Amino acid sequence: MLSEFDLIKQYFKRHRPGRAALGIGDDCALLAPSPGMQMAISSDMLVEDRHFFAGADARMLGHKCLAVNLSDLAAMGARPVAFTLALALPAAEPAWLGAFAAGLFALADLHGCELIGGDTTKGPLTICITIFGELAPGHALRRDAAIAGDDIWISGTLGDARLALAGYRKEYALDDAAQRMAGTRMHMPTPRVALGLALADARLAHAAIDISDGLVGDLGHILAASNAGASLNVDALPAGQVLAAQPQALRRQFCAAGGDDYELCFSAAPEQRAAILAAGAASGTALTRVGTIDAAPGLRLVDAQGRALDLQLAGFDHFASA
Ligand code: ADP
Ligand code: MG
């Protein structure tokens with residue numbers, strides 16, 4: 001049986017020069033932001049049976065727990081620097097730990113984000129990451145910064161992760177290929193780090209948030225913080241590849257209120273449209289304009305013809321017949 005210290009040494013301590021002045025091994029890590037920069041700090045916790053199924057693939061779990069944290073940095077426009085990892089594990093299983101670390105470090109290395117410490121304990125499988133990024137003062141993409149007249153933009157596509165969940169739960173029938181493809185969106189989200197950086201660096205966007213709990217709810221956080229309302233064209237929402245082939249009612253539902261998308265929703269002045277599309281192209285991210293920030297409070301959902309839509313978003317759990 002591995003001791004706690006062997007486990008950390010074997011799976012999480014890496015012998016390579018890092019950004020931190022002191023990494024894993026002492027009571028604290030030591031980390032300084034680059035001169036003149038602010039630190040952006042966020043934590044996200046994944047709990048077995050709540051955020052992922054028991055028995056979930058360890059490599060994908062390693063990817064996802066860091067991806068959801070990177071997504072928070074992206075939504076702020078911050079550059080990833082480092083993270084800590086607090087792990088509760090029912091047992092020290094080498095195969096599980098190896099796969100988890102491989103998934104985690106593959107994504108960490110892609111973003112130059114260094115593991116600088118953490119905590120390890122026995123317990124029900126729980127993964128908590130705290131991530132540190134940096135950005136120039138005044139450049140953060142805050143939730144309270146939307147302005148009436150702004151366009152509302154969405155990165156990538158929405159709804160496939162929620163569709164995968166519906167398939168796993170047998171609430172909706174998907175064939176194996178569709179289930180696998182949608183499942184990849186659920187298990188391996190792509191944090192939009194390069195896009196967030198481009199939007200913040202050049203001050204192209206006003207407010208931003210990452211869509212983790214469903215667009216309508218998350219956009220609602222921007223509206224509440226910014227004291228504004230919005231009109232959202234539900235039929236303009238970019239559906240994921242698998243969802244796009246499903247009936248309209250399900251498309252609307254899962255695009256507007258799916259969850260687990262980890263795309264960015266941001267607001268920006270209409271004068272920035274060309275520059276924003278260029279930033280999307282440069283970061284390899286599709287961008288879609290889906291609505292407008294209004295001075296009048298409330299969120300108005302409309303269809304492609306501009307007619308008001310009365311979607312029962314919260315209560316729509318029994319959609320097997322959609
Ligand atoms: P303490 O006794 O202060 O709780 P620990 O014995 O928990 O310290 O940890 C020893 C070192 O290993 C610390 O530097 C800590 O940050 C690091 N560490 C512990 N668990 C992890 C982990 N899961 N991933 C990365 N570093 C870890
Ligand atoms: Mg400890």
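First listed ligand is number 1; within each ligand, the first listed atom is number 1. Quick caveat, the model's predicted, so the values are computed rather than measured.
Residues forming a salt bridge (Lys or Arg N to Asp or Glu O under 4.0 Å) with Glu114 (at least two apart in sequence, or on another chain): none.
Listed by first then second residue, pairs satisfying side chain to side chain donor-acceptor pair (under 3.5 Å) with a partner in residues 207-218 read Ser71-Asp210, not counting sequence neighbours.
With hydrogens and angles left out, the side-chain atoms of Glu263 and Ser155 include a donor and acceptor closer than 3.5 Å. Side chains of Thr157 and Arg185: a donor-acceptor N/O pair is present below 3.5 angstrom, by distance only.
Close contacts of ligand 1 with Thr120, meaning ligand atoms under 4.0 Å from a residue heavy atom, involve 19 (C), 20 (N), 21 (C), 22 (C), 23 (N). Those atoms of ligand 1 that come under 4.0 Å of a heavy atom in Gly117, given as number and element, are 16 (O), 24 (N), 25 (C), 26 (N), 27 (C). When each atom of ligand 1 is checked for a heavy atom of Gly25 under 4.0 Å away, the hits are 11 (C), 13 (C), 14 (O). The Asp26 neighbourhood of ligand 1 comprises atoms 13 (C), 14 (O), with distances under 4.0 Å to a heavy atom of that residue. Heavy-atom contacts of Phe5 reach the following atoms of ligand 1: 6 (O) (cutoff under 4.0 Å).
Between atom 5 (P) of ligand 1 and the options Lys13, Glu4, Arg14, the minimum heavy-atom separation is to Glu4.
Relative to the ring axis of Phe105, Arg14 places its NZ or CZ within 45° and under 6.0 Å from the centre.
Judged by distance alone, with hydrogens and angles left aside, the side-chain atoms of Asp26 form no donor-acceptor pair with the main-chain N or O of Cys28 at under 3.5 Å.
No N or O atom of Gly23 sits closer than 3.5 Å to an N or O atom of ligand 1.
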